[in-house]
Amino acid sequence: MPKSRIRKKDDFTPPPAKATSLKMNSGRGWVAPVMLAMFLIGLAWIVLYYVSEADLPVKAMGDWNIVCGFGFIAVGFGVSTQWK
């Protein structure tokens with residue numbers, strides 16, 4: 001019985017690589033500085049409240065100074081959702 005012919009398969013050629021352009025400046029350069037500023041302001045507000053024994057930053061607010069400090073931190077987390 002004769003041998004069958006061996007079919008030569010074409011060599012695999014990978015598809016051409018797509019040109020990818022990285023956008024380093026996506027128009028959201030303000031996000032990281034604002035986020036960090038909100039975190040630091042909130043932290044400083046709470047620390048100042050405890051260190052000054054409730055005299056600073058706003059004495060009339062009383063214990064609501066803690067809520068205000070955590071509000072700044074929450075705004076920082078809200079801004080962080082815009083970061084790409």
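Quick note: numbers below take in every heavy atom, side chains included, and nothing from hydrogens, waters or symmetry partners.
- The hydrophobic cluster containing Leu56 also includes Leu48, under a criterion of side-chain heavy atoms closer than 4.5 Å among ILVMFWY residues, counted directly or through chains of members.
- Contacts classified as salt bridge (charged side-chain N to carboxylate O under 4.0 Å, His left out) and involving residues 45-55 (residues at least two apart or in different chains) are given here: Asp55-Lys59.
- When the side-chain contact (heavy atoms from CB on, under 4.5 Å) test is applied to Val75, the partners found at least two apart in sequence or on another chain are Met38, Val79.
- Within the 4.5 Å cutoff, side-chain heavy atoms of Met35 are placed close to those of Trp83.
- With Asn65 contributing its side chain and Ile46 its backbone, the two residues share no donor-acceptor pair below 3.5 Å.
- By the ring pair (Phe, Tyr, Trp, His ring centres under 6.0 Å) test, Tyr50 is found to be paired with no residue, residues two or more places apart in sequence or in another chain being considered.
- In this structure, the side-chain hydrogen bond (donor to acceptor under 3.5 Å, both in side chains) partners of Asp63, at least two apart in sequence or on a different chain, are Tyr49.
- Listed by first then second residue, pairs satisfying salt bridge (charged side-chain N to carboxylate O under 4.0 Å, His left out) with a partner in residues 65-75 number zero, not counting sequence neighbours.
- Evaluation of the salt bridge (charged side-chain N to carboxylate O under 4.0 Å, His left out) test over residues 31-49, restricted to residues two or more places apart or in two chains, returns none.
- Listed by chain and number, the residues in a side-chain contact (heavy atoms from CB on, under 4.5 Å) with Leu43 are Val47 (sequence neighbours excluded).
- Side-chain heavy atoms closer than 4.5 Å link hydrophobic residues (I, L, V, M, F, W, Y) into clusters, and following such links, even through other members, never connects Ile66 to Leu40.
- Applying the ring pair (Phe, Tyr, Trp, His ring centres under 6.0 Å) test to pairs two or more places apart or on separate chains, those with a residue in residues 59-78 are Phe39-Phe77, Trp45-Phe72.
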